[in-house]
Amino acid sequence: MSDTYEPVIVGFLCNWCSYRAADLAGTSRLHYAPNMRPIRVMCSARVDPQFVLKALREGADGVLIAGCHPGECHYVEGNIKALRRYKLLQRLLAQFGIEPERVQIVWASASEGNVLAEAVDRMVEQLRALGPLRWQETVLGGDGHGPVEAGEPAAEEV
Amino acid sequence: MADKGKFAMYWAASCGGCEIAVLNIGEKILDVDANFDIVFWPCAADFKYKDVEGYPDGYIDLCLFNGAIRTSENEEMAHLLRQKSKILVAFGSCAYEGCIPALANLTSKEAIFRTAYLESPSTENPDGVLPQPVTQVPEGELHIPEFYETVKSLDQVVSVDYYIPGCPPEPHQIIAVLDAIIQGAELPPPGSIIGAGTVAVCEECPLEKHEKAIKRIYRPYEKRPEPGICLLEQGIICLGPATRSGCGARCPQVGMGCRGCYGPLDGVEDQGAKFLSAIASVIDVGEPGGEEADLDREIEAVMESLADPAGTFYRFSMAHSLLRRARVNGSGDGEGGTA
Ligand code: SF4
Ligand code: SF4
Ligand code: SF4
């Protein structure tokens, strides 16, 4: 690991709005943090909560779901579906001890490259403040039976 | 006699219900007796670990292993029985995917000990004694198994040939599997889930289904279900849409939402995430086109009525879930288990 921590964000971008917003941010040479690894999905509703959990377990520090504004979904209500899942996922993740800033949803239309860029910048700052997630190492431990947080020895009781 | 198969059954972190389920197969148990010598079954017959250690490798033809792996003893027995068994079956939800014991993964060992040995109202322990792995007594050292921080499924510690889901598995499913083995039927490829269906519980459920749109979620004591109508439609949590069939939709038929004990459907890695999607999809947010803030509020209000999403969605599958356990800090506050 390098000594400065660079958060890794997995970004699920809707093909019709947010992916184009990201394109626009690029072509209009907006400067924003390079920490997001974009994945194009046909709709924010395509983002199965399993994708989010997998990303977090496999090393992402945060996940950004980006879609069209409510009312503007290419598939009419896909983004509302994504929003409902997201709200429930947030509650679930809190029970797992995962901070709410680590999974975010943002609406960015095809013309809003700046909105997407700002969301990424903001999220990177928030993740920087939280520090790395490192689920495999710190939570699952060597074999998953072990201590749950790095740094603390296992309690001595059986 | 000599060519009778050798049968073993073992319980690790379990409730005993799986043993009862096997005994509950009625007169079919006589077929088991006629076709197998029981060579290890702590619940039903007096054998010792030493006996098992003395068997040659692969001596046991069929071992039904129930219970999750929560202590070093459970783990040792898993390794021993793996070595001694030709067919090792993860029997029941605990062995298959962690089940109720693995809900402990939402908290820490420290917090569990605190509740069990210090704080529960029925505990009297003025000296605050906690179990110790090693204790000195005049006769020497006493050792007890180590209690792990994280509960695992059987296949997370040894390789498993088959999985029989259910909490506990249904008698007719157990009979079907035993019959197949007794009759020497060709067995499915190792790693298969047997003794269960392939569709969702909803497809076996006779309750009437309409369009689902729920405004709030009721806990079981808050509402008497209207008979004959899908429970989820009535706002009662039912995990039938994301649970493997095989039980005959036992629970919804008597007005109790499916809890998900038959585990995930084929191709689903994380049953909880699937439940989450299913529940989120039926939440009614009214006509589209309102203000974004109103929409947020409306969704939040429904979510608020769902107590303990993690415990609800992962009631049986925490150990097998993608995240597997909650993050709890090393200071021993043991938080992380409550919303
Ligand atoms: S699967 Fe259910 S019945 Fe079987 S041991 Fe576990 S809790 Fe008990
Ligand atoms: S009651 Fe449950 S299992 Fe039956 S149809 Fe409704 S959701 Fe499916
Ligand atoms: S209805 Fe659900 S909880 Fe009840 S036995 Fe069937 S799978 Fe298990």
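In what follows, every chain begins at residue 1, and chains take the letters A, B, ... in the order their sequences are listed. This structure is a prediction, so every number in the text was calculated from the model and none was measured.
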Chain B: which of A:Leu88, A:Leu83, A:Leu56 shares the most heavy-atom pairs with it under 4.5 Å?
-> A:Leu88
Kindly compute the distance separating OG (B:Ser108) from CZ (B:Phe113), expressed to the nearest 0.5 Å.
-> 10.5 Å
Which bit of A:Leu93 comes within less than 4.5 Å of chain B, counting heavy atoms only: side chain, backbone, both or neither?
-> side chain
Please confirm whether B:Arg244 makes a cation-pi placement over B:Tyr262, using NZ or CZ under 6.0 Å from the six-membered ring centre and within 45° of the ring normal.
-> no
Which residues pass the salt bridge (charged side-chain N to carboxylate O under 4.0 Å, His left out) test with B:Glu119, sequence neighbours left out?
-> B:Arg114
Using 4.0 Å as the upper bound for N to carboxylate O, is an ion pair formed by B:Glu222 and B:Arg219?
-> no
Which atoms of B:Asp296 approach chain A - backbone, side chain, both or neither, heavy atom under 4.5 Å | both
B:Gln271 versus chain A, the contacting section by heavy-atom distance below 4.5 Å | neither
What part of B:Ile299 gets closer than 4.5 Å to chain A, counting heavy atoms only: side chain, backbone, both or neither?
-> side chain
Cut-off 4.5 Å, heavy atoms of chain A, and the answer for B:Val268 is both
Are A:Cys43 and A:Cys14 within a span of less than 2.5 Å, counting SG to SG?
-> no
Interface check, chain A: of B:Leu306, B:Asp270, B:Leu295, B:Asn105, most non-hydrogen pairs under 4.5 Å belong to B:Asp270
Indicate whether any N or O donor in one side chain lies under 3.5 Å from an N or O acceptor in the other, for A:Asn79 and A:His69.
-> no
